[in-house]
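Below: one structure, written as structure tokens.
Proteins come first, then strands; the chains are lettered A, B, ... in the order of their sequence lines, and each starts at number 1.
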Amino acid sequence: MAGAGLHPYHQPWAAPPPPPPAAAIAVENPNRPSSDEVRTIFISGLPEDVKERELHNLLRWLPGFEASQINYKGEQPMGFALFTMAQHAMAAKNALQDLVFDAETKSVLHTEMAKKNLFVKRGVVNDSSSFDQSKRMRTGGDYTHAGYPSPSPFHPPPAPVWGGHGYIAPPAPYDPYAGYPVAQVPMPPPTPVPAPSGYAPIQNNKDNAPCNTLFIGNLGENVNEEELRGLFIVQPGYKQMKVLRQERNTVCFIEFEDVSSATVVHQNLQGAVLTSSGRGGMRIQFSKNPFGRRKDSVNGAAPDGNGTPTTYQQ
DNA sequence: AGCACA
């Protein structure tokens, strides 16, 4: 098989984490990063007009992501992203390497491990219960009662929190990244992946809200369905695929386990070129409608008037 | 740019 070459995004997730010194193990919680470990990546190749929000929205899906920041002082914007652990940072570095960030400006990302960790403004990162009231967040409107007696029993708002400068991710209460490979354990080399023959910049001006289904466009009219399937079936979270042949176009829908895995593929395979599609790179968008059963009424939206009151409480 | 199936 000719396709058994290296896929740029499927390099073996390099460098297994060096074992911490034995002394450290006894004292430190293994789930916490050892203090001197660099777990920040440096991102260059960003377009000049990049917004911190844009970078954050790209990074927030990556496992272990904690915060990002852009330094605009130099000639080109320099991005930094902090992760929980060095492995996360390594994985993210690999996942983002050579990613087409913006086809319009032809920006291709280049990533390296940073020299030192991104400094995150106080609070926020580690303690999920701490609710920093001293620093008012722009998002929080109601602050009317000064002597608020009880700390909120609820989790902090789901929206990304402004840390004044840079973007800080809320601590993840769950793991939305099932299926995104992070090297916890030394991983076997990935199964031979039918690599795309390359990547081409594509225009993807319009997209839909993220969902678990991807829409693949710009496939040639006689794209080989097996090549197509081979590319996606190995992606973490893949569930099923549906190919739709149209007049001059072939499009295709791919369902994933969850939005996260779909998003990773959306990013990683954007612009991937299949040999059988004489069309250049494929365009990946989120589907307008997610794959799945139709509006199967699970007593949804009870018709008014009979028995069940529509319980719209906040 | 082209978005189906339940």
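- In this structure, A:Gln285 places its CD atom 15 Å from C1' of B:dA4, rounding to the nearest Å.
- In this structure, A:Lys239 atom NZ and B:dC5 atom C1' are separated by 14 Å, rounded to whole Å.
- Interface remark: the A:Asn289 side chain does not form any donor-acceptor pair with the B:dA4 base, using a distance-only criterion of under 3.5 Å.
- Atom C1' of nucleotide B:dC3 and atom CD1 of A:Ile216 are separated by 11 Å, given to the nearest angstrom.
- With sequence neighbours left out, the salt bridge (charged side-chain N to carboxylate O under 4.0 Å, His left out) criterion links A:Glu112 to no other residue.
- Comparing B:dC5, B:dA1, B:dC3 by their nearest atom to the side chain of A:Lys242 picks out B:dC5.
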(message) Is there a side-chain contact (heavy atoms from CB on, under 4.5 Å) between A:His110 and A:Ile43? Walk through the geometry before answering.
(response) CA-CA 6 Å; A:His110 178 74; A:Ile43 305 168; over 6 Å; no
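- When each of B:dA4, B:dG2, B:dA1 is scored by its nearest atom to the side-chain atoms of A:Phe215, the top-ranked nucleotide is B:dG2.
- Not a single donor-acceptor contact under 3.5 angstrom links the side-chain atoms of A:Arg248 to the base of B:dG2.
- Among the protein residues, A:Glu247 comes within range of no part of the nucleic acid, since none of its heavy atoms lies under 4.0 Å from any strand.
- The number of heavy atoms from other shown groups lying within 6.0 Å of CD (A:Gln246) is above 12.
- Nucleic acid contact class of A:Arg279 (heavy atoms, under 4.0 Å, all strands): base.
- Comparing atom distances between the A:Thr213 side chain and each of B:dC3, B:dA4, B:dA1 picks out B:dA4 as nearest.
- Summarising the geometry, the separation between CG on A:Asn208 and C1' on B:dA4 is reported as 14 Å, rounded to the nearest angstrom.
- In summary, the side chains of A:Gln285 and A:Asn204 do present a donor paired with an acceptor at a separation below 3.5 Å, with no hydrogens or angles considered.
- Relative to the side chain of A:Phe291, the nucleotides B:dG2, B:dA4, B:dC3 differ in distance, and B:dA4 lies closest.
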